[in-house]
Enquirer: 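Before anything else, here's the structure in question.
As a basis for the values below, the full set of heavy atoms in this structure was taken, side chains included, without hydrogen atoms, waters or symmetry mates. Protein chains get the first letters and strands the later ones, always in sequence-line order, with residue 1 at the start of each.
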Amino acid sequence: MKKYPEYKKLDLSQISKDILQFWEKDRTFEKSISTRDENKPWVFYEGPPSANGMPGIHHVMARAIKDIFCRFKTLQGYQVKRKAGWDTHGLPIELGVEKSLGITKEDIGNEKSKKYISVEDYNKACRKEVMKYTDKWEDVTAKMGYWVDMSDPYITYENRYIESVWWLLQNLSKKDLLYKGFTIQPYSPAAGTGLSSHELNQPGCYRDVKDRTATVQFKVKDNSKFKIQNLDGDVYFLAWTTTPWTLPSNTALAVGKDIEYVFVKSFNPFSGTPQTVILAKDLLNKYFSEKHTDLKFEDYKPGDKNIPFKIVGHAKGSDLAGISYEQLLPFVQPTDGDAFKVLVGDFVTTTDGTGIVHIAPSFGADDFRVAKQNGFGALTLVDKRGKFLPEVQDGVFLYGEEFVKEAYLNDVEKQTEFEKQKKILEANHKIKDLKVYLSVDERIVLKLQEEGKLFKKETYEHSYPHCWRTDKPVLYYPLDSWFIKSTAMKDRMIELNKTINWKPEATGTGRFGNWLENLNDWNLSRSRFWGIPIPIWTSEDGAEQIVIGSAEELKKEIDNAIAKGVMQTNPLAKFVPGNFSKENYDTFDLHKPYADTIYLEKNGKKLTREPDLIDVWFDSGAMPYAQVHYPFENKELIDNKKYFPADFIAEGVDQTRGWFFTLHAIAVMNFDSVAYKNVVSNGLVLDKNGNKMSKRLGNAVDPFETLEKYGADATRWYMIANAAPWDNLKFDLEGIGEVQRKLFGTLYNTYGFFSLYSNVDGFAVDEKNQTPIENRIELDRWIISKLQSLVEEVTLYYNEYEPHRAARAIEEFVDEHLSNWYVRLSRRRFWRGEMSGDKIAAYETLHTCLTTVSQLMSPIAPFFADWMYQNLTINNQSVHLTKLVEVKKQHQDKSLEERMELAQKISSMVLSIRKKENLKVRQPLQRIQIPILDKVFQDKIDAVKDLILSEVNVKEIDFVNESQTQIVKNLKLNFKTLGKKCGQNMKAVQAFANDNGAKIISSIEKTGAFTIELNGANIVLEVEDVEIIPVDIPGWKVANNGPLTVALDVNLSEELKNEGLAREVVNRIQNMRKDAGFEVTDKILVKIQQNSELDNAIKNNLSYICSETLTNDLQLVQNLSAANASKIEVDELITTLISIEKLN
RNA sequence: UGUCUUAUAGCUCAAUUGGUGGAGCAGCGAUCUGAUACGUCGAAGGUUGUAGGUUCAAGUCCUGCUAAGACAACCA
């Protein structure tokens, strides 16, 4: 006969360790896959973490979510493979290496540098760095109970992985979705490199700088378009810039479509020439003081500070579009596209400037985009060193070959330039005595002023990004890049996105949906060192190009190149095509610098590899295919949709435009399919005050410590139950403690209770031969019914990816129903008397509840659930290998559940009256009264009467109605039905009802209706429109709760008093048994010193006392020596001595 | 700056299609217990971030604002 294990105390941490050991020995994870039908797969993709950082508590949360659904689907009988993966490329890794080696980008491959490191060594360091914390990750994965196969992970730097990525790119190229273009990117001329947004977000990169800004006049070519009379002089657009050095590269002006513009007749503030300017109406008073509205044009003399002005015309931005203006600084003409016209830009605002934006497509991302959309050309009159091209030359104000930003010059250069400027400016009488170096911006402004094209100049302080290495301001500069033409597939991506089940939905429709609507082409290029090289080789003239899609192709092409004499040896010489072993693929390296030493040949031309690496996001987005080395191996898994798309993925919401997008984009563009059907985007883990966790602030929670201290189950449960996965979680260790006490403590005790008594009885559940449910008592059938409802509910929540609701439902069941009602009320059945049918049924019922709960909770609390399940069952099979129980509808009895709820409520109300009246539960009372308004209600309570009576220690329940006693009733309106009926009269009806409650109640009770006359209309209140609630029985002690009212008879007869005293005695004896350390089965001898106040109570209840306390012999004695007995206070007034002895 | 999310008791969260705000924890005061680090009972705690709007009726729908966060951008 099986004995159920008993434990001294709950140690969740130890349970985790024990079960983990069991899993390893039992190979439970492997079994959970191998025992499932491979034709019933449920596909999960693991988003690869980067092992160059330590795992944090947020990883535990994110991985718990993944684990929950994989385990749940396994319970449902699906086969869920989980291949782990590592993300190994990218900037954070490069930065990590640079930090640990104490080097910067400039040292890499630069032999002149003191800290020179070859690209080869650098990449070796990266390869090592990236797996730095692999063991920590494996450790936390095991300890938190995350089941993922780490024995054969996909690793993005491995050649087989890279080969699949290359194949995908080649495929895109074949579909004509790959092209070379340029984008405007932050660029550091001093460092000679582009900067990523990550680098720009380094602390201290954005700094306040003072710049010379200018409001500039662009002369309209043909005034006649405006249909405005009497335009004196020329008409100009006003535009403001903080970077006057970009003005020579201006090719367009942008206006806002719906912005109102005005034509203002006035004078040029510097030259005094009459002119008309155009600017946004909202910004008029920034340039023309309101005080000057009344100034007369006739009175104005050039040089006057107060300038008269007059609005002579209006236009909307859209009206201005297409108007041509004269080039501002005609150093160079654009060679391609349209130029020097007004166009509409969605980014134009009236928060500052003039509402008209100067567009230099080469030096601003918005500028570039809007120019491209409108087919405008660009001028790039600055080179990569940050200097003007030689053509931008002015005889007086200089420029050509000058740095455009003052910060790029060193002191010596500045001095030389200053002397040059002083000489020429003074010679041309522009400035009398130049004292300091004038920046390019300042001198451009001077030139414009000279030419009558300047309207206003000022210095302006704003924040501007700086290069984190050189401390110099960055330029936005057009850089060559390779693009994926994702815009071409935009509509399809939007369409397919609508078939994806997003949790929460708003992330899919909102954040992700909007992102797709505004999709730009995907910039693939990264000018870095550690990543997958772009597999494109181009001839110098750009005419010939080869896109490589496999190692085999590359080997062949190199052989060809050798034959044609552009290569000497083949780095892939040892590689055997068709052999997919790791060894074979480790005979070469596709990374830099090796890739760059490969030259190919086509049509007699030598081809060189495009120097860039691909965006690491492409790496991870390619994982569905690359993890199985598609299409070189496992072709059918993808093509036959066996392992694609995923049924489920989950990552942080920060991945919306990261992994979620790249997976989607690559799948849509290559396979015309979604990459995942269900996606959960989880929120962040914040500290308990709602701040972001960071090492710097010292508020980061160490996952190892937490798991060790609280165990994985409580930690996981807390994180899942506390917030929806997509809400941010305020992580508070105290919350884990609470979960530990409340859920796990309660379950542990419930199990302990079960094991204690079934072992005492030598009882074990015979799973195959249980008492039919219909033969069990109401309480049993009730908890079984509740359990069915729980199974139904929890299954639904898991299926809907709402684990927090599943967890909360389980918590409620365990605490409210199982422990604090079922077990409490069943206690006596377990520990009294011999084995009986009822006792067996009680054991079986509790056993079923506990095993089912273990199953339901096992996805969230995998260790504890398995521990409890295995304790309860005989064959030591893991709960994770079981099949989920199905809802047994035939055991569900909703009306029974309702009845029981009434019993719980009534009990609680009676207890509350007792409390108010200071009557202990141990004191029996004679009766409670329940006013009843209908028979159905009475029947319901009648069915649970006995439970209530024993729970609250009362002898009887009387149902009373109006004919027997007076009942005070309240009226509550049902706004839901009445609202529709009354509409506007609702308030009046409510007021009427407040004053005439009694009238309405009696009418409805008699006739079922009550008519209110209001403003000539009749409103008929019917039964469904009101709720009639009994609230009081005059002369009784009552309590009410919603529609329920209970009254308690608080009179005590002598008999009741004695019974109460007897119960007190029982309680004292029980306490003494407990203190003496007796077993629950020990029989005892009790001696009580006689006491006139007590004797009758004991004599009249002798058998009760004896049976409750397992007393074989109770003696009332004259004198009990205080040495052998305890002094006992039975109540405030009665004290006596009692002794107990164990009988053998 | 844009897109999106969130804001309810001291804390963590609930509140069906709009129908008149509830739990748990903590604290206070009682109490029960032969499963209990449990439970039970009581009082207290709220202008539902803020200002408007729609409606007979708004925590819920709409708009503005404030704060926090994520992502994207940083521009004239």
Enquirer: Give A:F512 one of three labels, base, sugar-phosphate or nothing, depending on what nucleic acid heavy atoms sit under 4.0 Å from its own.
Expert: nothing
Enquirer: Between C1' on B:rC75 and CH2 on A:W245, what's the gap in Å once rounded to a whole number?
Expert: 12 Å
Enquirer: Does B:rA72 pair with anything, Watson-Crick or G-U wobble, both distances under 3.5 Å, and if so, with which nucleotide?
Expert: B:rU1
Enquirer: Of the nucleotides B:rA35, B:rG24, B:rU12, which one has an atom closest to the side chain of A:V823?
Expert: B:rA35
Enquirer: Under a 3.5 Å limit for both distances, which nucleotide forms a Watson-Crick or G-U wobble pair with B:rC13, could you say?
Expert: B:rG22
Enquirer: Using a heavy-atom cut-off of under 4.0 Å over every strand shown, decide if A:K742 touches base, sugar-phosphate, or nothing.
Expert: sugar-phosphate
Enquirer: For atom C1', what is the distance between B:rU47 and B:rC41, given to the nearest Å?
Expert: 31 Å
Enquirer: When the distance from CG of A:L825 to P of B:rA35 is rounded to whole Å, what number comes out?
Expert: 13 Å
Enquirer: So A:D732, base contact, sugar-phosphate only, or nothing? Heavy-atom distance under 4.0 Å.
Expert: nothing
Enquirer: Touch check for A:R808, heavy atoms < 4.0 angstrom, all strands: base, sugar-phosphate only, or nothing?
Expert: sugar-phosphate
Enquirer: The side chain of A:R805 is closest to which nucleotide in this list: B:rA35, B:rA15, B:rG24?
Expert: B:rA15
Enquirer: Provide the distance between the two P atoms, one in B:rC4 and one in B:rC62, to the nearest whole Å.
Expert: 12 Å
Enquirer: In plain terms, say whether A:E1064 and A:R1068 are close enough for a salt bridge, that is, a side-chain N and a carboxylate O under 4.0 Å apart.
Expert: yes
Enquirer: What nucleotide, of B:rC25, B:rC13, B:rC75, holds the atom closest to the side chain of A:A723?
Expert: B:rC13
Enquirer: Would A:L253 and A:N250 count as a side-chain contact (heavy atoms from CB on, under 4.5 Å) here? Give the steps.
Expert: CA-CA 8 Å; A:L253 292 173; A:N250 170 284; 4.1 Å; yes
Enquirer: Counting heavy atoms from C-beta on, name the nucleotide in B:rA70, B:rC75, B:rC38 closest to the side chain of A:T746.
Expert: B:rC38
Enquirer: Using a heavy-atom cut-off of under 4.0 Å over every strand shown, decide if A:L756 touches base, sugar-phosphate, or nothing.
Expert: nothing
Enquirer: Atom CG of A:L818 and atom P of B:rA35: how far apart are they, to the nearest Å?
Expert: 15 Å
Enquirer: Please tell me which of A:F1078 and A:N722 maps to the more 5' nucleotide of RNA chain B, matching each residue to the nucleotide holding its nearest heavy atom.
Expert: A:N722
Enquirer: Which part of the nucleic acid does A:S819 contact within heavy-atom distance under 4.0 Å: base, sugar-phosphate only, or nothing?
Expert: base
Enquirer: Do the side chains of A:T507 and A:F660 get nearer than 4.5 Å, heavy atoms only?
Expert: no
Enquirer: Tell me whether A:E793 is salt-bridged to A:R805, with the criterion being a basic N under 4.0 Å from an acidic carboxylate O.
Expert: no
Enquirer: Nearest 0.5 Å please: distance from the CZ atom of A:F731 over to the CE atom of A:M719.
Expert: 5.5 Å
Enquirer: Over how many whole Å does the gap from A:Y710 atom OH to B:rA37 atom C1' extend?
Expert: 14 Å
Enquirer: With a 4.0 Å limit, can you tell me whether A:Y751 has a side-chain N or O closer than that to the phosphate oxygens OP1/OP2 of B:rA35?
Expert: no
Enquirer: Could you pull out the protein-nucleic contacts involving nucleotides 4-8 of chain B (nitrogen or oxygen on both sides, under 3.5 Å)?
Expert:
none

Enquirer: Can you tell me how far P of B:rC25 sits from CD of A:E811, to the nearest Å?
Expert: 11 Å
Enquirer: What's A:Q1070 touching, base or sugar-phosphate or nothing? Going by heavy atoms closer than 4.0 Å.
Expert: base
Enquirer: Give the rounded distance in Å between these two atoms: CZ of A:R369 and P of B:rG2.
Expert: 14 Å
Enquirer: Rounded to whole angstroms, how far apart are OH on A:Y757 and C1' on B:rA35?
Expert: 7 Å
Enquirer: Please report the distance separating the P of B:rG52 from the corresponding atom of B:rC28, rounded so that it comes out in whole Å.
Expert: 40 Å
Enquirer: Name the residue closer to the 5' end of RNA chain B, choosing between A:E816 and A:H804 according to the nucleotide with the nearest heavy atom.
Expert: A:H804
Enquirer: Determine, step by step, whether A:F744 and A:L10 satisfy the side-chain contact (heavy atoms from CB on, under 4.5 Å) criterion, reporting the C-alpha distance in whole Å, the side-chain angles of both residues, the deciding distance to 0.1 Å, and the verdict.
Expert: CA-CA 8 Å; A:F744 293 99; A:L10 173 63; 4.1 Å; yes
Enquirer: Parallel, tilted or perpendicular: which one describes the rings of A:Y464 and A:H466, with boundaries at 30° and 60°?
Expert: perpendicular
Enquirer: Within this structure, what is the OH-OH distance for the pair A:Y4 and A:Y843, rounded to the nearest 0.5 Å?
Expert: 10.0 Å
Enquirer: Determine, stepwise, if the pair A:E901 / A:K905 fulfils salt bridge (Lys or Arg N to Asp or Glu O under 4.0 Å).
Expert: CA-CA 6 Å; A:E901 205 184 324; A:K905 274 192 187 152; 3.7 Å; yes
Enquirer: Under 4.0 Å: is that the gap between some side-chain N or O of A:Y748 and OP1 or OP2 of B:rU36?
Expert: no
Enquirer: When rounded to the nearest Å, what value does the distance between P atoms of B:rG45 and B:rG53 take?
Expert: 30 Å
Enquirer: Please test A:E802 against A:K503 for salt bridge (Lys or Arg N to Asp or Glu O under 4.0 Å), starting from the C-alpha separation and ending with a verdict.
Expert: CA-CA 9 Å; A:E802 309 224 334; A:K503 297 299 284 191; 2.9 Å; yes
Enquirer: Using the C1' atoms only, state how far B:rA26 lies from B:rG10, rounded to an integer number of Å.
Expert: 8 Å
Enquirer: Closest to the A:N749 side chain: B:rA35, B:rG39, B:rC75?
Expert: B:rA35
Enquirer: Could you tell me the separation between the CZ atom of A:R741 and the C1' atom of B:rA26, rounded to a whole number of Å?
Expert: 10 Å
Enquirer: Using atom P in both nucleotides, what's the gap between B:rA58 and B:rA72 to the nearest angstrom?
Expert: 41 Å
Enquirer: Can you name the one residue among A:Y797, A:Y718, A:W726 that meets ring pair (Phe, Tyr, Trp, His ring centres under 6.0 Å) with A:H804?
Expert: A:W726
Enquirer: For nucleotides 18-23 of chain B, which of its nitrogen or oxygen atoms have a protein nitrogen or oxygen under 3.5 Å away, and what is each distance?
Expert:
none

Enquirer: I'd like to know whether A:H358 forms a side-chain contact (heavy atoms from CB on, under 4.5 Å) with A:V216, so could you lay out the CA-CA distance, the side-chain angles of the two residues, the decisive distance to 0.1 Å, and finally the verdict.
Expert: CA-CA 9 Å; A:H358 138 68; A:V216 181; over 6 Å; no
Enquirer: With rounding to whole Å, what would you report as the distance between B:rU6 and B:rC61 at their P atoms?
Expert: 10 Å
Enquirer: Give the nucleotide from the list B:rG39, B:rG24, B:rC75 with an atom nearest to the side chain of A:P465.
Expert: B:rC75
Enquirer: Quantified in whole Å, what is the C1' atom distance between nucleotide B:rG59 and nucleotide B:rU8?
Expert: 7 Å
Enquirer: Of all the nucleotides listed (B:rA35, B:rG24, B:rC75), which has the minimum atom distance to the side chain of A:F753?
Expert: B:rA35
